[in-house]
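Input: a single structure, listed below in structure tokens.
Each chain gets a letter, A, B and so on, in the order its sequence line appears, and its residues count up from 1.
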Amino acid sequence: MVSQLSRPSSGDRTAPSDPQRLLRLRHTCAHVLAMAVQRLFPETRVTIGPSTETGFYYDFDRAIAFTPDDLTRIEAEMRQIICANLPIVRETVDRDELRAEIAQMHETYKLEILDGIPLGEPVTRYYIGCPDPALPPGAEPPSLFDLPAPGEPAPAGTYWWDLCAGPHLNTTGEIHPDAFALESVAGAYWRGDETKPQLQRIYGTAWETPEQLQAYLQQKEEAKRRDHRKLGQELDLFSIQEEAGGGLVFWHPKGARMRLLIEDYWRNAHLAAGYDLLYTPHIANLDLWKTSGHFEFYRDNMFDSMTIEAQQYQLRPMNCPFHVLTYQNQLHSYRELPLRWAELGTVYRYERSGVLHGLMRVRGFTQDDAHVFCLPEQVSDEILAVLNLTEQVLSDFGFTEYEVNLSTRPAKSVGTDAVWDLATDALIQALDNKGWDYVTDEGGGAFYGPKIDIKIRDAIGRLWQCSTIQVDFNLPERFDLHYVAADGSRQRPIMIHRAIFGSLERFFGILVENYAGDFPLWLAPVQLRLLPVSDGQRDYANGVAQTLKRQGYRVEVDASGDRLGKQIRTAELEKIPVVAVVGKREVEEQTLSVRTRQDGDKGVLGLTELQGLMAQAIAYRRRV
RNA sequence: GCCGAUGUGGCUCAGUGGUAGAGCACUCGAUUCGUAAUCGAGCGGUCGCGGGUUCAAAUCCCGCCAUCGGCUCCA
């Protein structure tokens, strides 16, 4: 057996960094993790352990839960294995022999994996360490706890193996012992299927160098610093309260002020882009949802219906049927189309308790929804117009980098293939006209039609899904919508669903994280705070505040009576963009000592200079 | 929903079977002060909720709720 093995060269941690090597390194880390776990907890059964974007994980089946202490021990064991610089050896094996061997080890998951490998494909295993031919199969190999010093050969027979297609590093020593870390343990279903047994997943992160690991950990800290749930609390923007229930958002005055600014911007942008606005109810007769198909296809996400005078009513999970009813309310000529109707429509969806997450995943939220009813020949241009509007809106909020997905027909869906092809082609044509690159997500569409999803990249490089554009041939059919064509015949309009923010709640959360709570001046809930040095300047400060408020600025006067240093500290902690100190000198000279968050002390300014500074930042949607 | 962890004043956290604590915030008093915390006093919690064990429960056990990290799902 040993003769078939290809021996690796010695450990090499200085190899040039390339993406393929990083994948191998992470995959090898997963194996080292599994080896460490099985050495420490021999009753554990192994499953799979791939690399991830930042590291690796391995799923284990073990009756007892791993504790944080266990992770520390496992990590130490991994470091032993790495420092022992054990060879990693690939072996092509006979399927039936391996099956017998695995069966004897009671590694049932591995057996399932083995049987899932198509006949004719080679079956390989990867050793860590070198199997000792003298050691009978299944026998306990020597302990790794008394490994030799790094660089010296490991004792013969110290090994572990995993059924695996690879590829891997050549030795465990190629992993830098200070460039990996175990991160967390979590539940995960076998094969990602919630009807299958739940396993314990240990997550780790791994990099080429300790510096890269540190950079990653810093990035994680940075994300924690920007967490909208933390900042939402600290800046008093919103809350989610246990008494009311999970996933239901309370907008506090400052958050509500920002939301109003966002909504105002949105309304103006839509009116300018040829949209009309609608307001429609939050509940409707259940029959409406049966007609629309939601009751059949979306029921899992709908709250239970309620009975009102022997009729069933349904809290809405989507706005589209209401816009359809509005369309249906009268006969439309082809001359009227396209009709573009937008609504900040609040919807309620049942989400399983475990998935709720701050503002990003809630049970009640407001979509910036719109539906375009148009002629078939208008579809492509209308989608292009939506893409343009989306780009304009997102970039005004500071997002200029996008990743675009085209999602095609899912398994659970309505309509004929021909109709789906037509809709998908219209989306592709619009994307081509816009000149945007996109990736296709096969089967990722809504049940009623294909869609374009736009993800935005935030200040620290993360992607967030916001905008969505969907072509729908289904609802017009179900509701028997029509328009009167030039020849007097009745024809079916095509419906485009679209949202730019997606959900106001989620978009707001993304804004908070993108700006880390340091909002551009046009969005800041409080733009300017005046700080009186002592009580004698309070009247002057109030007068200045009044003047600016009348001009539409959001201004406060610090009424705490604290000393100046404390007032500045408080304003900094609240991330107020501009503060103006008012002392005796300023009152005498009718000036203000201005300090901005970005630039610090701006010196003494007159009122008009301050207005100019602020007006410019607002006009350019900049931070100040 | 599932796995694991967590839940103590408005906020951040200490307290592991024996009379509930600190800092900040808040209120009051003194100070009227010049660019990131003035000093002092006071108010404030049936320790997430419900049940159980015990002479005695924030602490141990059970159930539920919420939050956090994941899985599945998703705006």
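Remark: ring of A:Y203 not stacked against base of B:G70; the cut-offs of centroid gap under 5.5 Å and plane tilt under 30° are not jointly satisfied.
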Under the criterion salt bridge (charged side-chain N to carboxylate O under 4.0 Å, His left out), I'd like the reasoning laid out for A:K575 against A:E234: C-alpha separation, chi angles, the key distance, then a yes or no. CA-CA 10 Å; A:K575 300 182 192 287; A:E234 286 172 5; over 6 Å; no
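Of the side-chain N and O atoms in A:H357, one or more sit less than 4.0 angstrom from OP1 or OP2 of B:G69. Considering only side-chain N and O atoms, A:R229 lies under 4.0 angstrom from the phosphate OP1 or OP2 of B:C68. Contact annotation: A:K566 side-chain N/O to B:A25 OP1/OP2 distance is under 4.0 Å. At B:G70, none of the side-chain N or O atoms of A:S184 fall inside 4.0 Å of OP1 or OP2 (strictly under the cut-off). OP1 and OP2 of B:U67 both lie 4.0 Å or more from every side-chain N or O belonging to A:K230. In terms of phosphate contacts, A:Q241 brings no side-chain nitrogen or oxygen within less than 4.0 Å of OP1 or OP2 of B:U67.
Using a 4.0 Å heavy-atom distance criterion, A:L356 is classed as a sugar-phosphate-only contact. Residue contacts shown for A:G536 are absent, as no nucleic acid heavy atom lies under 4.0 Å away. Among the heavy atoms of the strands lying under 4.0 Å from A:Q233 are primed sugar atoms or P, OP1, OP2 only; no base atom is included. Within 4.0 Å (heavy atoms only), A:T67 reaches no atom of the nucleic acid at all. A:G246 comes within 4.0 angstrom of sugar-phosphate atoms only, judged by non-hydrogen atoms across all strands, and of no base. Counting any heavy atom pair closer than 4.0 Å across all strands shown, A:E586 reaches a base atom. No engagement by A:V347 is indicated, since no non-hydrogen atom pair under 4.0 Å with the nucleic acid exists. Contact annotation for A:A188: backbone-only contact, meaning every heavy-atom pair under 4.0 Å involves sugar-phosphate atoms and none involves a base. Among the protein residues, A:G192 comes within range of the sugar-phosphate backbone only, with heavy atoms under 4.0 Å from sugar or phosphate atoms but none that close to a base.
Straight-line distance from the CZ atom of A:F66 to the C1' atom of B:G4: 12 Å, rounded to whole Å. Atoms CG (A:D59) and P (B:C3) sit 16 Å apart, rounded to a whole Å. Summarising the geometry, the separation between CD on A:E242 and C1' on B:G50 is reported as 13 Å, rounded to the nearest angstrom. Counting to the nearest Å, the C1' atom of B:A75 and the NE2 atom of A:H228 are 13 Å from each other. The interatomic distance linking A:L231 (CG) with B:C11 (C1') rounds to 14 Å, in whole Å.
In this structure, the ring of A:F60 has its center less than 6.0 angstrom from the ring center of A:Y58. Aromatic pair A:H371/A:W341: centroids not less than 6.0 angstrom apart.
For the pair A:R45 and A:Y109, the cation-pi criterion (under 6.0 Å, within 45° of the ring axis) is not fulfilled. With A:W207 as the aromatic partner, A:R26 meets the cation-pi criteria of under 6.0 angstrom to the ring centre and within 45 degrees of the ring axis. With A:F508 as the aromatic partner, A:R259 does not meet the cation-pi criteria of under 6.0 angstrom to the ring centre and within 45 degrees of the ring axis.
For a distance-only test at 3.5 Å, the side chain of A:Y189 qualifies as a donor-acceptor partner of the base of B:G1. Judged by distance alone with a 3.5 Å cut-off, a donor-acceptor contact links the side chain of A:Q198 to the base of B:C2. One cannot find a donor-acceptor pair under 3.5 Å joining the base of B:A37 and the side-chain atoms of A:Q567. Interface remark: the A:R201 side chain does not form any donor-acceptor pair with the B:C3 base, using a distance-only criterion of under 3.5 Å.
Looking at A:Y203 and A:R201, their side chains do bring a donor and an acceptor atom within 3.5 Å of each other.
Comparing the same atom, P, in B:C60 and in B:U8 gives a spacing of 15 Å after rounding to whole Å. Here the separation of B:G45 from B:C55, taken at their C1' atoms, is 26 Å to the nearest Å. When the C1' atom is compared between B:C43 and B:U72, the two are found 48 Å apart, to the nearest whole Å. A distance of about 11 Å separates the C1' atoms of B:A57 and B:G52, rounded to the whole Å. For the P atoms, the distance linking B:G23 with B:U6 amounts to 27 Å, nearest Å. Distance noted for atom P between B:C68 and B:C33: 47 Å (whole Å). Comparing B:G10 with B:G69, their P atoms are spaced 24 Å from each other, to the whole Å. Nucleotides B:U31 and B:A37 have their P atoms positioned 23 Å apart, rounded to a whole Å.
Nucleotide B:A14: unpaired (no Watson-Crick or G-U wobble partner with both distances less than 3.5 Å). If you check B:C73 for Watson-Crick or wobble pairing at under 3.5 angstrom, you find it has no partner at all. Across every strand in view, B:U6 sits in a pair with B:A66 that passes the Watson-Crick or G-U test at under 3.5 angstrom.
Map A:D227 and A:R569 each onto its nearest nucleotide of RNA chain B; the residue landing nearer the 5' end is A:R569.
Note that the NE2 atom of A:H270 and the CD atom of A:E343 stand 12.0 Å from one another [nearest 0.5 Å].
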